[in-house]
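Accompanying notes for the structure given below.
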Protein chains: 2
Amino acid sequence: MSITVLVVEDEPAIQELISYNLKKSGLAPVCAANAEQATVMVNNVLPDLVLLDWMLPNSSGIEFARQLRRNSRTQAIPIIMLTAKVELDDKISGLEAGADDYITKPFSPRELIARIKAVLRRRVPEISDEIIEAGGVKIDPTKHRVFAYLNDTSAELTEVKLGPTEFRLLHFLMAHKERVYTRTQLLDRIWGDHVFIEDRTVDVHIRRLRKVLEKIGKEDLVQTVRGTGYRFSSEYEMNPEEEHQQS
Amino acid sequence: MSITVLVVEDEPAIQELISYNLKKSGLAPVCAANAEQATVMVNNVLPDLVLLDWMLPNSSGIEFARQLRRNSRTQAIPIIMLTAKVELDDKISGLEAGADDYITKPFSPRELIARIKAVLRRRVPEISDEIIEAGGVKIDPTKHRVFAYLNDTSAELTEVKLGPTEFRLLHFLMAHKERVYTRTQLLDRIWGDHVFIEDRTVDVHIRRLRKVLEKIGKEDLVQTVRGTGYRFSSEYEMNPEEEHQQS
DNA sequence: AAATTAGGTTACAATTTTGTGACAATTGAA
DNA sequence: TTCAATTGTCACAAAATTGTAACCTAATTT
């Protein structure tokens with residue numbers, strides 16, 4: 001159950017310490033030393049939680065938090081702020097800026113982990129019952145139905161029949177379209193995070209979902225991101241442009 | 001349609017317990033450990049109901065309740081307060097602050113769920129007595145009768161005889177046609193949520209209802225949604241079967 | 001190019017879910 | 001009381017879904 005935590009902390013020693021403890025608890029740390037790096041990382045890996053040092057070089061912590069909250073893609077990511085000491089002002093402005101919790105230095109690893117887990121546990125349910133439409137596919141959770149426009153011009157709809165897991169998979173991917181999820185993340189969020197299921201099983205379900213979508217001429221909507229996972233995308237084709245290589 | 005319940009409770013164990021039971025009842029819990037978090041959560045996900053521990057760290061429970069009542073956006077959200085013991089003062093001040101109900105610890109999960117549903121039901125308008133017609137079936141709640149058009153073209157009506165439960169089931173499903181309900185939801189809404197009845201019993205009643213409808217040539221009106229529940233639908237065919245198209 | 005790795009595809013047995021008929025308990029009316 | 005109607009549950013049948021292994025192809029590395 002790999003949960004990614006972005007650690008935004010300028011002091012290497014603390015960054016190291018936090019990283020170590022996160023790993024030990026089965027969380028996957030990703031580090032950034034300042035707001036710019038953090039922004040890049042957020043776009044790259046889309047963490048499940050952000051640990052944010054309030055006292056960043058240019059006091060840009062608040063700004064970074066606000067930035068996360070403004071972007072719909074990152075809006076729901078919980079933020080825990082690290083403060084040198086609880087100053088009331090900090091606390092207030094932190095909560096105003098959208099922090100979900102705060103923890104004061106120095107803190108024990110146990111406490112840190114406990115807070116993280118607490119925040120993750122109260123994660124808001126990110127899937128709603130809204131009708132979602134993208135790439136010529138419409139999914140209606142309350143009616144539990146999936147439709148597709150047969151061609152781009154007509155308004156003609158066909159219903160598609162999906163199995164329970166395929167339905168949830170499609171719903172999740174569509175609710176987070178354009179975002180890439182690893183197999184493990186998909187297992188966590190769609191199957192539930194206690195299950196003991198092979199990662200490769202996701203491939204099979206993706207395959208089944210694709211098969212159904214292909215039948216109605218909707219190809220390339222569920223895309224593979226090699227080395228990472230899958231995503232639902234109606235905006236871009238999978239073209240070479242998008243990978244950033246560094247060889 | 002998923003109903004969100006904000007659980008404001010500082011003790012993790014109880015929070016966990018409540019969460020678990022809410023989920024089991026088809027409600028979507030969202031947790032907060034104190035008033036600040038709760039405020040954030042309220043703004044994030046406008047919950048349908050708030051379960052509020054009265055004994056929060058800074059005795060801020062009352063204040064939080066008042067705060068909800070002051071804001072027009074949150075004014076109508078029902079609040080159930082959790083109290084360690086019934087102290088008259090608590091009760092009074094709680095109700096003064098705008099709580100809709102209170103429940104004393106320790107409480108049984110069953111009781112908790114029952115209270116929640118009771119409070120929620122007060123706000124959900126009951127299904128009306130209007131005559132509903134769909135899929136060639138007409139149901140008249142006041143006269144307690146069901147008719148069916150024998151074929152699509154004629155206006156010829158036949159009366160269908162249904163047992164009490166079958167009638168209510170059909171009425172409920174028709175009043176919310178196209179919408180999928182889980183067995184548990186159907187039990188809650190049709191049988192009443194205090195009853196202790198197996199989920200599978202719903203299947204049997206569905207079967208009985210179907211049997212009657214089949215007799216008058218009304219098939220596929222009550223549809224199964226695998227992994228979820230049932231629905232009344234007259235708008236779409238469920239199975240675009242392989243070989244045969246109709247006209 | 002060979003080796004290695006990641007992902008696609010298929011088949012299938014195990015499991016889950018739903019359909020169905022029977023039955024005993026209950027109710028209410030005659 | 002007796003009878004018929006209705007109800008909830010169970011057991012088994014039927015059907016759909018699911019996870020995995022095995023094998024294959026494409027991509028990447030050595």
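So you know, we letter chains A, B, ... as the sequences are listed, proteins then strands, and number each from 1.
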[N] phosphate, OP1 or OP2, under 4.0 Å from [X] side-chain N/O:
X	N	value
Arg200(B)	dT17(C)	no
Thr224(A)	dG8(C)	yes
Thr165(A)	dT17(D)	no
Trp191(A)	dG19(D)	yes
Thr201(B)	dT7(D)	no

Residues [X] and [Y] bridged, charged N to O under 4.0 Å:
X	Y	answer
Glu111(B)	Arg115(B)	yes
Arg145(A)	Asp140(A)	no
Asp203(B)	Arg210(B)	no

Over how many whole Å does the gap from [X] atom [atom1] to [N] atom [atom2] extend?
X	N	atom1	atom2	value
Phe167(A)	dT18(D)	CZ	P	13 Å
Glu214(A)	dG8(C)	CD	P	11 Å
Asp203(A)	dC23(D)	CG	P	18 Å
Glu166(A)	dT18(D)	CD	P	6 Å
Leu209(A)	dG8(C)	CG	P	12 Å
Asp220(A)	dG8(C)	CG	P	12 Å
Arg226(A)	dT5(C)	CZ	C1'	7 Å
Arg183(B)	dG19(C)	CZ	C1'	10 Å

Given Tyr181(A), which of Arg183(A), Arg179(A), Gln185(A) fulfils the side chain to side chain donor-acceptor pair (under 3.5 Å) condition?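 Among Arg183(A), Arg179(A), Gln185(A), the one meeting side chain to side chain donor-acceptor pair (under 3.5 Å) with Tyr181(A) is Arg179(A).
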
Report which part of the nucleic acid [X] touches: base, sugar-phosphate, or nothing (heavy-atom distance under 4.0 Å, all strands).
X	result
Arg210(B)	sugar-phosphate
Arg208(A)	base
Tyr230(A)	sugar-phosphate

When you measure from the side chain of Glu9(B) to the backbone of Gln15(B), do you find a donor-acceptor pair of N or O atoms at a distance under 3.5 Å? no

Could you say whether Asp199(A) or Val204(B) is positioned toward the 5' end of DNA chain D, judged by the nucleotide with the nearest heavy atom to each? Val204(B)

Please compare Gly163(B) and Glu198(B) by the position of their nearest nucleotide in DNA chain D and report the one closer to 5'.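 Result: Gly163(B).
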
